[in-house]
Every structure is written in structure tokens, then in C-alpha cells.
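First the structure, in the form of C-alpha cells, and then the observations on it.
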Amino acid sequence: MNEVDHGQISLTIKGARAERGVSLSDFESFIDNFLAALRDYDRAGRGEPTRKSGHPDRRAEAVTAFRLIGFETGSGVATIEPELTSTDDDQFPVGDVPLSLATLRALADDLAAERSVPEPVLDALGKACRAVGADGSMSIVMDVATPALIVDNGLLDRVALAQNASADGEVRFVSGRLHLLDLEPDRLGIRTASGVEWSCRYHEAFEEHVKGLLDHIVWAEGTGTLTSSLRGSMAIERIERVEIEQSSLFTSAPVADDELLKRQGLTEPQGLDALSDPQWDDDTDDVYLAALLSK
């Protein structure tokens, strides 16, 4: 297998019609469906309808912004790299990672772990593989340190089972930090403490309310579904700020160890005896054991 430079991705296409290279029509079908899978994966992760028709919008173009920089025969080995795109969409990843690369990485991670992936994405990937024959498959190599991901009928079937198994898992409540807010369309992002990213749609009437919740811990109620182990979508019916009260036990400024010892009346090491209850004896042991066994 060819090594892939940093930032470059290798796609190896295999199938009955790809033994001596790939015909242009088959390659076009493969690319069309491969890009459709990326677009639908991104839309599903943000709670938007998949399988949109018409010319792709700027977001969809950024999700699929790859450049073909090499192609070799012996099956079909295409080398692509992400393109940087300019956009005002504040939902795009922060930093130097292009949206196209971030999307492909997330999809590859879900497939490699055989996590639930939206059905339109699996359908598009299946069509991409079958573009070169009923036995078609593709191998994705993101970098030299990551094992190749083989996408074939077997993997897609297993992921489809995971999707069906989680289809009934409706989520009614989520809580976390509201860290993203997009007013057009009405969409916000909530990241939970466990790292799940929830893409939420809200009614226009909530707009002024949610503006004041940005960068605060919130809880939301609505109709939601986990689309993968780290992503979910929800239509919000109610959202409120979580009021966190900090008692006087905690202070924003650090307190010196000597001051803490003074406050607690400690003048010397206490030893292990300080951890024991002086009133605990053998009779207490018997009572405690009897209580445990009676449960």
C-alpha cells in the first residue's frame, strides 16, 4: 500500500470492473456517491434533512472540498487532499482543519467503530462501492499511522444493524454547554459533559431567549435522537439555563495550605486513627454485617 503524506487521503477502489483501472463513467458514479455520503453525514449530524436536491450550498461545497492530485491503476488508487474554503459560517471547525477533512475523519471513525450511521449515508457509500461491480469496495487511508478502513457490503450491513438497533432510542432531555448559536437557520449546539455534540433546532420565538444562554450550562427538552456515539440531533421544545450555586466551601481564589490547616485546627499529622470511629466495636461489626446480609 502506498504511503500517504500528511493531509493526503488514499482511496483504493476494488471490484470486478476495476481490475485494470476504472472507467470514467464508473469513477464519476463513485465520486458522486462518495461526496453525497459526506454531505448527508454532515447534514444528519446537524439535524437537517438529507438527500437534498439542487445545487449544493456553501456548506455542502465545503464539506466535499477535496482535490484529486493523483490516480494509479492496479484497481483504482485515487489520492486526494482537502482544500481550504473561505466562508462566514461560524459552525465550521475552528483551527487549521478543513471541514472536508474533519467530516471524512468523523465518518471514518464511526464506520471503523461500527457505530450507528444514518441510512442515507450508508446507501450512498453502498452505491459508491457498487459503481465498480457488485463486489465493489473501497479502502480509505487517512495517514500512515492509521490502519486502512475497508468499506464493503459486510461493514455497511453491520453498521446498518447498529442503526436499526438504536432507531428506537428517543432522547427527551439533554444538558450541557450551549457553545454554538446560528440564527439563520435557527440552530444551536450543546456539548454535554460526556462529549456528545447535540445539534438542535429551535422555534423562532425562542430566539431572544437563547441569545442570553450562549456559553452557559443549559438543559433542553424536545425530541432527539443519537445519530452516533458522539453526535445527536434534537428539535427543542423548551430550553433553560442551569443555575449553579457555589457554596462558601469553595472560593475563586486559592487559599494557602497554612491558612487551611489553621482554619481546620490541625497542628500535626493525625495518623490512621483519625480515619476510624472511636465508637465502632465488635458489636457494631455484627450489626453492620447483618444489615448487609438482610438486603
Would you confirm whether Y41, through its side chain, and V117, through its main-chain N or O, come within 3.5 Å as a donor-acceptor pair? no
Heavy-atom distance under 4.5 Å between the side chains of V151 and C129, does that happen here? yes
Quick one: closest heavy-atom pair of P98 and E83, and the distance? CB-O, 3.9 Å
Please check if the side chain of S100 supplies one atom and the backbone of V63 the other of a donor-acceptor pair under 3.5 Å. no
Could you check E208 against K211 for salt bridge (Lys or Arg N to Asp or Glu O under 4.0 Å), going step by step and ending with a plain yes or no? CA-CA 5 Å; E208 292 302 318; K211 284 181 180 178; 3.2 Å; yes
Between R158 and E114, does the salt bridge (Lys or Arg N to Asp or Glu O under 4.0 Å) criterion hold? Intermediate values first, please. CA-CA 7 Å; R158 293 193 299 273; E114 299 186 8; 2.8 Å; yes
Answer whether the closest heavy-atom distance between the side chains of L188 and W198 falls below 4.5 Å. no
Atom pair OH (Y202) and CG (L213), whose distance is rounded to the nearest 0.5 Å: 10.5 Å
Approximate separation, where rounding is to 0.5 Å, of S137 OG and N153 CG: 9.0 Å
Quick check: do T64 and R39 have side-chain heavy atoms less than 4.5 Å from each other? yes
Any idea which heavy atoms bring A78 and L68 closest together, and the distance? CB-CD1, 3.9 Å
Rounded to the nearest 0.5 Å, what separates atom CG in L125 from atom CG in N33? 8.5 Å
So, S29 and D26: side-chain donor and acceptor under 3.5 Å apart, yes or no? no
If we only count heavy atoms from C-beta on, is the T225 to V171 side-chain gap below 4.5 Å? no
Between atom OG1 of T192 and atom CD of E197, what is the distance when rounded to the nearest 0.5 Å? 8.5 Å
Look at the side chain of R17 and the backbone N and O of A131, then say whether any donor-acceptor pair between them is shorter than 3.5 Å. yes
Hits for salt bridge (Lys or Arg N to Asp or Glu O under 4.0 Å) against E237, two or more places apart or cross-chain, chain-then-number order -> R172
Could you give me the CA-CA distance, side-chain angles and deciding distance for R59 and D42, then say whether side chain to side chain contact (heavy atoms under 4.5 Å, CB included) is met? CA-CA 9 Å; R59 170 92 188 191; D42 176 69; 2.7 Å; yes
Given side chain to side chain contact (heavy atoms under 4.5 Å, CB included), test V141 with T146 step by step and report yes or no. CA-CA 7 Å; V141 178; T146 305; over 6 Å; no
Enclosure of H179 NE2 (heavy-atom neighbours >12, cutoff 6.0 Å): yes
D135 and V132 have their tightest heavy-atom pair at OD1-O, 4.5 Å
Taking ring pair (Phe, Tyr, Trp, His ring centres under 6.0 Å) as the definition, give me every residue that meets it alongside F71, ordered by chain and number, with sequence neighbours left out. F27
What closest approach, in Å, do V159 and R115 show between heavy atoms, and which atom pair accounts for it? CG1-O, 3.1 Å
Is there a donor-acceptor contact under 3.5 Å from the side chain of R67 to the main chain of E81? no
Please evaluate residues K127 and D123 with respect to the criterion salt bridge (Lys or Arg N to Asp or Glu O under 4.0 Å), reporting the C-alpha separation (whole Å), side-chain torsions for both, the decisive distance (0.1 Å), and the verdict. CA-CA 6 Å; K127 290 179 180 178; D123 183 54; 3.5 Å; yes
Would you say L11 and V77 make side-chain contact, with heavy atoms under 4.5 Å? no
Is there a side-chain contact between D215 and L178 in this structure, where contact means two heavy atoms from C-beta onward sitting under 4.5 Å apart? no
Testing the basics here: between L38 and T103, what is the closest heavy-atom pair and its distance to 0.1 Å? O-CG2, 3.8 Å
Look at the side-chain heavy atoms of Ile, Leu, Val, Met, Phe, Trp and Tyr, link any pair under 4.5 Å apart, and say whether L183 and I190 land in one connected group. yes
Between atom CD of Q8 and atom OG1 of T79, what is the distance when rounded to the nearest 0.5 Å? 6.5 Å
Ignoring hydrogens and angles, tell me if any N or O in the side chain of H209 forms a donor-acceptor pair with the backbone of E240 under 3.5 Å. no
Distance, nearest 0.5 Å, that separates CG of D186 from SG of C200: 12.5 Å
Would you say I69 and M142 are hydrophobically clustered, going by side-chain heavy atoms of ILVMFWY under 4.5 Å? no
Would you check if L101 and I9 make a side-chain contact, meaning some heavy-atom pair closer than 4.5 Å? yes
Sub-4.5 Å side-chain heavy-atom contact between W219 and R241: no
Kindly check if the number of other-residue, nucleotide or ligand heavy atoms within 6.0 Å of CD (E204) is above 12? no
Would I236 and T223 satisfy side chain to side chain contact (heavy atoms under 4.5 Å, CB included), going step by step from the backbone distance to the final call? CA-CA 7 Å; I236 290 179; T223 303; over 6 Å; no
Audit row: F30, V22, side chain to side chain contact (heavy atoms under 4.5 Å, CB included) steps and yes/no: CA-CA 10 Å; F30 169 82; V22 181; over 6 Å; no
For I150 against L155, the heavy-atom pair lying closest together: O-CD2, 3.3 Å
